[in-house]
Amino acid sequence: DAGITQSPRHKVTETGTPVTLRCHQTENHRYMYWYRQDPGHGLRLIHYSYGVKDTDKGEVSDGYSVSRSKTEDFLLTLESATSSQTSVYFCAIGSSAGANTGELFFGEGSRLTVL
Amino acid sequence: KQEVTQIPAALSVPEGENLVLNCSFTDSAIYNLQWFRQDPGKGLTSLLLIQSSQREQTSGRLNASLDKSSGRSTLYIAASQPGDSATYLCAVRPDGGATNKLIFGTGTLLAIQP
């Protein structure tokens, strides 16, 4: 299994509070991603990173920010959580070399509930 | 805009049967296609990755095919087992991008009856 750890795995918070989810990898992959998974929508890309301090927006980036100060860590922050951000958040890492170029590996997910 | 569709949304078959899951995409300009398995409450497990230049990939009882021109991929599962019960997702990486941004289908929920 790819070495990806997400924390926290479960969190309940109130509307308007800040929340930070952490993704830690031990694979030294260049690319890291944050997705959210919601019933009827599948997985949608929030933000991604292509290197330390290099990040870009995905299709559902409003209300989220990210940071990547080290290769192994990718943080997702909800500055002021809203009920619409209740979801399961998945971190993924991507290989960039060899026959498996482009293959993504996912973490176990972080379930966030915003009351 | 690339869209990925998986039909059926749910499938139930008796143990031992061979089965096919379908994935279609609207834009044939893809870099690769990946099949995943997701168990309830768990993350996604990569099953097979097919690069755009390939027609199929095999891993054990699983075989995935890719027909770019028609915008279709199939996942064939031979001799199904109850442990194969899960949601199966396909995802495409559009061509021309420098990163591995995937576009997902909404999955097929598979139940294998003992």
Side-chain angles (χ1 to χ4, degrees), chain A residues 1-7 9-10 21 23 25 27 29-51 54-61 68 74 88-111, chain B residues 1-7 9-10 23-26 29-54 56-59 64 66 73 86-109:
Chain A
D1 290 343
I4 310 171
T5 304
Q6 291 185 229
S7 60
R9 294 290 313 282
H10 301 272
L21 305 180
C23 178
Q25 62 148 328
E27 305 297 318
H29 281 325
R30 176 183 176 188
Y31 299 102
M32 298 185 75
Y33 307 81
W34 278 108
Y35 285 86
R36 60 178 289 175
Q37 185 176 36
D38 304 287
H41 290 279
L43 280 93
R44 294 177 291 175
L45 182 65
I46 306 171
H47 279 280
Y48 64 98
S49 170
Y50 47 97
D54 292 324
T55 65
D56 205 348
K57 297 178 180 180
E59 63 176 309
V60 290
S61 59
R68 191 169 178 198
F74 192 32
V88 182
Y89 292 86
F90 287 100
C91 174
I93 62 176
S95 65
S96 57
N100 291 333
T101 295
E103 187 170 13
L104 256 61
F105 302 94
F106 282 76
E108 289 289 292
S110 295
R111 182 175 296 274
Chain B
K1 178 184 175 184
Q2 177 74 270
E3 294 184 357
V4 181
T5 303
Q6 292 185 248
I7 295 174
C23 173
S24 61
F25 45 96
T26 56
I30 65 170
Y31 185 86
N32 62 37
L33 183 145
Q34 196 167 351
W35 281 93
F36 296 88
R37 168 188 172 133
Q38 185 176 28
D39 294 294
K42 300 292 187 180
L44 280 68
T45 299
S46 178
L47 296 174
L48 290 164
L49 172 72
I50 309 177
Q51 304 292 357
S52 63
S53 59
Q54 298 173 325
E56 66 177 348
Q57 283 286 340
T58 298
S59 176
L66 174 64
S73 176
T87 297
Y88 290 80
L89 298 157
C90 73
V92 300
R93 174 184 166 183
D95 205 356
T99 59
N100 302 351
K101 291 190 286 186
L102 296 184
I103 299 172
F104 282 83
T106 52
T108 294
L109 176 61

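Proteins get letters first, then strands, A, B, ... in listed order; numbering begins at 1 in each.
Proximity of Y33(A) to L102(B): side-chain heavy atoms (C-beta onward) are nowhere separated by under 4.5 Å.
For the pair S46(B) and E103(A), the tightest heavy-atom approach, listed with the atom from each and the gap, is OG-OE2, 2.7 Å. In terms of heavy atoms, Q38(B) sits closest to F90(A) at NE2-CZ, 3.4 Å. For the pair L104(A) and F36(B), the tightest heavy-atom approach, listed with the atom from each and the gap, is O-CE2, 3.6 Å. Taking both residues in full, the closest heavy atoms of F104(B) and L43(A) are given as CD1-CB, 3.7 Å, listed atom of the first, atom of the second, then distance.
Taking OG1 of T45(B) as the start and CZ of F105(A) as the end, the distance is 10.5 Å to the nearest 0.5 Å. The CD atom of Q37(A) lies 6.5 Å from the CG atom of L89(B); values are rounded to the nearest 0.5 Å.
The 12-atom threshold is not exceeded at CZ of R111(A), counting heavy atoms of other residues, nucleotides or ligands nearer than 6.0 Å.
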